[in-house]
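Here the structure is laid out as structure tokens; the discussion comes afterwards.
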Number of protein chains: 2
Amino acid sequence: MKKTKDENTEVQILDAAKNVFQSKGMDGARMQEIADKAGINKAMLHYYYRNKQLLFEAVFNNAFSLLAPQLNAVLNDDSSIEKKIRNFTSNYIAFMDKHPYLPAFVIQELNRNPEFILKMKNNLGFPNIEKFKIQVNQEVKDGILKPISAEQLFMNVMALNVFPFVAKPLLMAFTNTDDEAYNGLIEKRKTEVADFIINSIKNV
Amino acid sequence: MKKTKDENTEVQILDAAKNVFQSKGMDGARMQEIADKAGINKAMLHYYYRNKQLLFEAVFNNAFSLLAPQLNAVLNDDSSIEKKIRNFTSNYIAFMDKHPYLPAFVIQELNRNPEFILKMKNNLGFPNIEKFKIQVNQEVKDGILKPISAEQLFMNVMALNVFPFVAKPLLMAFTNTDDEAYNGLIEKRKTEVADFIINSIKNV
DNA sequence: AAATGGTTTAACCAACTGGTTAACAAATTT
DNA sequence: AAATTTGTTAACCAGTTGGTTAAACCATTT
């Protein structure tokens, strides 16, 4: 009896590919390394995914489909802007603990190939700002929030939450922190970032 | 002085290398492309910079030495926290117009090779948070600022300013903006980001 | 004008890379 | 149980890549 892997192999390949692509990027990744990490022959990669580009896209789409629901929580949920920002901030940081390479990977590969995201915009569930925009404008009109455009607010929320993960090595160096201390800073941000934002935009 | 070119060639190589490395990264860059862009033979690259790694490091250090003074403006200047944040925000965005690839490049390469920054920390003029820390603590103590740690404030300032450039393709997709509209958003941030921060941290 | 020494080139090379092939083994169908 | 399909492997291949070499080039020195 050879192996009871069948469909298992395909998953093992995807796991290994995720691992290698997300830490080294498309250009730095080697098919041989992915095969080794998956514990199989290099030819199997092509048997299941035909070529490097398609394997990469499988990994990328997979990564993006994890990220999208997180963002939709801020964009398309029905609760108040304040509540959504508080929720998103604490959720997102917890989410990052499980997928630390994810945002840097997505951002890096989109910078390498900006047209790539155009295909994705058509996908159902692709995060879109329209509903959020209406909601922000309404809360500004109602005097709940100080005047701010939805785009700027969204950029600020994203920046404050995502950047500390994307630029971790840089920020560790500037703030003179080791891994443990830096994670401590991040942990505090679960509440502090939301306070920081709300503080700035909420009318009193 | 032998040829009219001799110093010139070295600069032309560095310019071409900057161009290629910053848009494609270490792994995606090709020595042949750099040589072509510099209008010279590939062997010349090795004559002047010995190998790809050293040429890359020349580019990286060059990029970093442009970035460092910008950050030191926030960390080591003597004016008040508010003034420095306002200055930095408007300066940094203007600076990015001239070097759009810079932050994504630095961040990407540091993620690929985090140990790389350790060598740099010893360099004179490497941005360090210590002075900024004392100043923030003082202003908090004096009641000028609401309680916040210098590290968190610094991370926030960096995030709000740098992230929109690093994640440009992603944010363009989410906010449904083309290049022109997105640049318009950025332009507004020269003042809005500082307001956003000050709003949140200043006592009234 | 011959010698000098830094600069530049074309040709070359060994190692690597993504991808293919043909044969073989297991599982499934007939 | 024979035939067919699916999964897996080792060996191979052609194109690319970073890097080398030996000879030519050219501005100055002797």
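Each chain gets a letter, A, B and so on, in the order the sequences are listed, and its residues count up from 1.
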Give, ordered by number, those residues of residues 16-38 of chain B having at least one heavy-atom distance below 4.0 Å to an atom of DNA chain C; if nothing qualifies, reply none.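 Listed by number, there are none.
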Please give the angle, rounded to 10 degrees, between the axes at the start and the end of the helix from C/dA1-D/dT30 to C/dT30-D/dA1, where five pairs define each axis.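 Computed from the C1' atoms at both ends, the axes differ by 20°.
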Nearest-nucleotide pick for [X], side chain only, options being [options]:
X       : options               : value
A/Asn41 : C/dT20, D/dT9, C/dT7  : D/dT9
B/Met44 : D/dT9, D/dT21, C/dT7  : C/dT7
A/Ala43 : C/dT21, D/dG7, D/dG18 : C/dT21
A/Asn51 : C/dA10, C/dG19, C/dG6 : C/dG19
A/Lys42 : D/dG18, D/dT8, C/dG19 : C/dG19

Polar side-chain atom of A/Asn161 near backbone of A/Val157 as donor-acceptor pair, under 3.5 Å: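 Pair found, side chain donor or acceptor close to backbone of A/Val157.
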So, B/Ser200 side chain and A/Asn199 main chain: donor-acceptor pair closer than 3.5 Å or not?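 Looks like no, no N/O pair under 3.5 Å.
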Is there a side-chain contact between A/Thr9 and the phosphate of D/dG7, meaning an N or O under 4.0 Å from OP1 or OP2?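 False: A/Thr9 side-chain N/O out of range (4.0 Å or more) of D/dG7 OP1/OP2.
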Is the distance from OP1 or OP2 of D/dT8 to the nearest side-chain N or O of A/Tyr48 less than 4.0 Å?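 Checking A/Tyr48 against D/dT8: at least one side-chain N or O falls below 4.0 Å of OP1 or OP2.
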Please give, in whole Å, the distance from [N] [atom2] to [X] [atom1]?
X       : N      : atom1 : atom2 : value
B/Leu54 : D/dG18 : CG    : P     : 14 Å
A/His46 : C/dA22 : NE2   : C1'   : 17 Å
A/Lys52 : C/dC16 : NZ    : C1'   : 12 Å

For B/Gln53, does the CD atom have more than 12 heavy-atom neighbours from other residues, nucleotides or ligands under 6.0 Å away?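 Counting other residues, nucleotides and ligands, CD of B/Gln53 exceeds 12 neighbours.
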More than 12 heavy atoms of other residues, nucleotides or ligands under 6.0 Å from OH of B/Tyr101: is that the case?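 Open.
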Can you confirm whether the side chains of B/Gln32 and B/Asp36 place a donor and an acceptor under 3.5 Å from each other?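 Side chains of B/Gln32 and B/Asp36: pair found under 3.5 Å.
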Does a side-chain heavy-atom distance below 4.5 Å link B/Asp27 with B/Arg112?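 Yes; the side chains approach each other to less than 4.5 Å.
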Are any of the side-chain nitrogens in A/Lys168 or A/Asp179 under 4.0 Å away from the carboxylate oxygens of its partner?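 Salt bridge flag = yes for A/Asp179 with A/Lys168.
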Return whichever of A/Arg50 or B/Tyr47 has its heavy-atom-nearest nucleotide of DNA chain C closer to the 5' end.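 Residue closer to the 5' terminus by nearest nucleotide: B/Tyr47.
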Results of side chain to side chain contact (heavy atoms under 4.5 Å, CB included) for A/Gln135 - residues two or more places apart only: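 So A/Gln135 forms a side chain to side chain contact (heavy atoms under 4.5 Å, CB included) with A/Ile81, A/Lys84, A/Glu139.
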Centroid-to-centroid, A/Phe64 to A/Phe126, below 6.0 Å?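 When the ring centroids of A/Phe64 and A/Phe126 are compared, they turn out to be within the sub-6.0 Å range.
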